[in-house]
Student: 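Take a look at this one; I'll ask things after.
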Amino acid sequence: MLVSPDNLAAKLNEALKPLYLIHGEETLTKLEAADAIRAAARKAGYSEREHFVVEAHFDWSLVTQSSDNLSLFATQRIVEITINTAKPSADAAEFLAGIAADPPPDTLFIVILPKLDRTATDSAWFAACDRTGVTVAAPLVERDALPRWVKARLTAIGFDASREVIELICERCEGNLLAAKQEIEKLSLLVKPGKLDVDDVLGAVADVARYDVGELSEAFLRGDLPRYGRVLSGLQAEGEQAPRLSWQLSEDVHALGSIFMARREGVPMVQALRNARVWGKRQKAMEVAANQIDPRRIATLLKQCATLDAQSKGQAPGDAWLTLGGLAALAHGALAL
């Protein structure tokens, strides 16, 4: 049974299943789901807990022995298994399929995995777990969904937050959902419930945003200049190296140039994106760029990228970080050619 993280609590109130499988990329969501299952199990009388971390050459008989040998004084136990690979081994698959087919008595299993690919979710062992127990998917909370997540958290603890307040919290905690949760909890301790002002947030919430190169690329392609500047500053402060950023933005400009050429020849946008080897989330941002950036800017951008590459490697005069700072503005027309 597939259950969303938001609906897990309601399902736990109905009846406990012998097996809960939690998988995904969002660490906080997985932690909270596991905490909710443990709490429900303890309430139902599961008084012991054992935790196994599965590494290479893990001996699955250890888990079997644990579930078979209940202590004299505890008749119900939680067995938690953390598997750190998105492709469980044949032994892992056999074990999981076995406990799904014949769950040991008085034992509740919580199995935590990374994000599983289509091969894993289409496998026999996953289907068996889904039939017997509950599967909880924990996808990343993307940037577009973060304001809704923050607003829901604030509302749940009694705060009435304006869009400005929510955007400020998102800006300061973006890319670090666990930190966002902690900062919201801090607000609940420092500020009385009710109307939440920007000054309250500025005084209580630290700047704990974490960024990666992909976010810089997305801001560059979408022409979100304020965000581009924030991400670039954050990456520089975190010690990111300019050559890596230079390479990524150069790849973006080359891909965009290929798309413009393909579109002039009548190639549909979807095919042009594929031909330029643009995949996943990057497709949407690249499509925005193709509709916003003047094709006549590509030659200048390529020249600037070449300069940037040389500067980042110490092979040309000038500050690579300053050149990086102006690249998005040049691409989207905020700077003259």
Side-chain angles (χ1 to χ4, degrees), residues 4-6 8-9 22-39 51 53 80 82 84 86 112-115 136-220 222 224 226-241 244-245 281 285:
S4 72
D6 292 339
L8 177 60
I22 307 167
H23 69 98
E25 296 176 275
E26 196 59 79
T27 301
L28 175 62
T29 304
K30 293 197 292 184
L31 288 172
E32 291 184 334
D35 285 345
I37 296 165
R38 290 188 207 105
H51 184 206
V53 178
E80 192 168 323
T82 299
N84 291 322
I112 303 173
L113 295 129
K115 178 184 178 182
V136 181
L140 282 176
V141 176
E142 302 289 354
R143 177 172 174 260
D144 291 345
L146 187 58
R148 291 192 296 274
W149 186 92
V150 169
K151 181 176 178 60
R153 293 279 169 142
L154 291 171
T155 300
I157 57 177
F159 284 121
D160 177 17
S162 66
R163 186 172 66 178
E164 186 179 10
V165 166
I166 292 168
E167 288 176 351
L168 176 59
I169 295 173
C170 290
E171 177 184 321
R172 293 199 163 203
C173 299
E174 185 177 356
N176 193 340
L177 206 64
L178 181 57
K181 177 193 177 186
Q182 292 170 341
E183 295 300 331
I184 290 171
E185 290 174 347
K186 186 195 299 182
L187 277 171
S188 71
L189 297 174
L190 299 176
V191 183
K192 292 181 180 180
K195 188 72 174 177
L196 191 61
D197 296 326
V198 169
D199 288 342
D200 295 325
V201 177
L202 288 173
V205 177
D207 188 351
V208 291
R210 296 292 183 270
Y211 298 111
D212 60 33
V213 178
E215 291 171 326
L216 184 72
S217 170
E218 181 184 11
F220 170 75
R222 290 183 178 274
D224 188 341
R227 175 172 165 75
Y228 178 84
R230 288 197 305 272
V231 175
L232 185 60
S233 296
L235 289 170
Q236 185 177 14
E238 290 169 14
E240 183 60 75
Q241 299 300 304
R244 183 167 177 240
L245 308 184
K281 294 190 302 180

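All values below come from the heavy atoms of this structure, side chains included, with hydrogens, waters and symmetry mates left out. The structure presented is a predicted model; accordingly, all values stated were derived computationally and were not measured.
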Student: Is the shortest distance from a Lys or Arg side-chain nitrogen in R153 or E185 to a carboxylate oxygen in the other one below 4.0 Å?
Tutor: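 Not counted as a salt bridge, because no side-chain N and carboxylate O are separated by less than 4.0 Å.
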Student: Taking the side chain as C-beta and beyond, is there a heavy-atom pair between I184 and W149 under 4.5 Å?
Tutor: yes
Student: Are V165 and D197 close enough that some pair of their side-chain heavy atoms sits under 4.5 Å apart?
Tutor: no
Student: Do side-chain atoms of E26 reach the backbone of V141 as a donor and acceptor pair under 3.5 angstrom?
Tutor: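 Pair found, side chain donor or acceptor close to backbone of V141.
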Student: Has Q241 got a side-chain atom pairing as donor or acceptor with G239's backbone, closer than 3.5 angstrom?
Tutor: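 It does hold such a pair.
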Student: If only atom types and distance count, is the side chain of E215 paired as donor or acceptor with the main-chain N or O of D212 below 3.5 Å?
Tutor: yes
Student: Of all the heavy-atom pairs spanning P114 and A86, show the shortest one and how long it is.
Tutor: CG-N, 3.9 Å
Student: Would you check if F159 and V191 make a side-chain contact, meaning some heavy-atom pair closer than 4.5 Å?
Tutor: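 When only atoms from C-beta onward are counted, V191 and F159 do touch, with a gap below 4.5 Å.
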Student: Could you give the distance from CG (L177) to CG (L146), rounded to the nearest 0.5 Å?
Tutor: 6.5 Å
Student: Which atom names give the shortest non-hydrogen contact between L154 and A161, and what distance separates them?
Tutor: CD1-CB, 3.6 Å
Student: Do any N or O atoms from the side chain of K30 and from the backbone of G24 form a donor-acceptor pair under 3.5 angstrom?
Tutor: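 Yes, the answer is positive, given that a donor and an acceptor are paired below the 3.5 Å cut-off.
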Student: Measure the shortest side-chain to side-chain distance between P5 and V136 over non-hydrogen atoms and say whether it is less than 4.5 angstrom.
Tutor: yes
Student: Please tell me if the side chains of H51 and V53 come closer than 4.5 Å, counting only heavy atoms from C-beta onward.
Tutor: yes
Student: If you round to the nearest 0.5 Å, how far is CD of E218 from CZ of R222?
Tutor: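 Rounded to the nearest 0.5 Å, the CZ-CD separation comes out at 5.0 Å.
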Student: Quick check against the 3.5 Å criterion: does K186 have a side-chain atom that pairs as donor or acceptor with the backbone of K181?
Tutor: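 Not confirmed, K186 side chain does not pair with K181 backbone.
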Student: Checking L187 against L196 for the side chain to side chain contact (heavy atoms under 4.5 Å, CB included) test, could you report, in this order, the C-alpha distance in whole Å, the side-chain angles of both residues, the deciding distance, and whether it holds?
Tutor: CA-CA 9 Å; L187 277 171; L196 191 61; 4.2 Å; yes
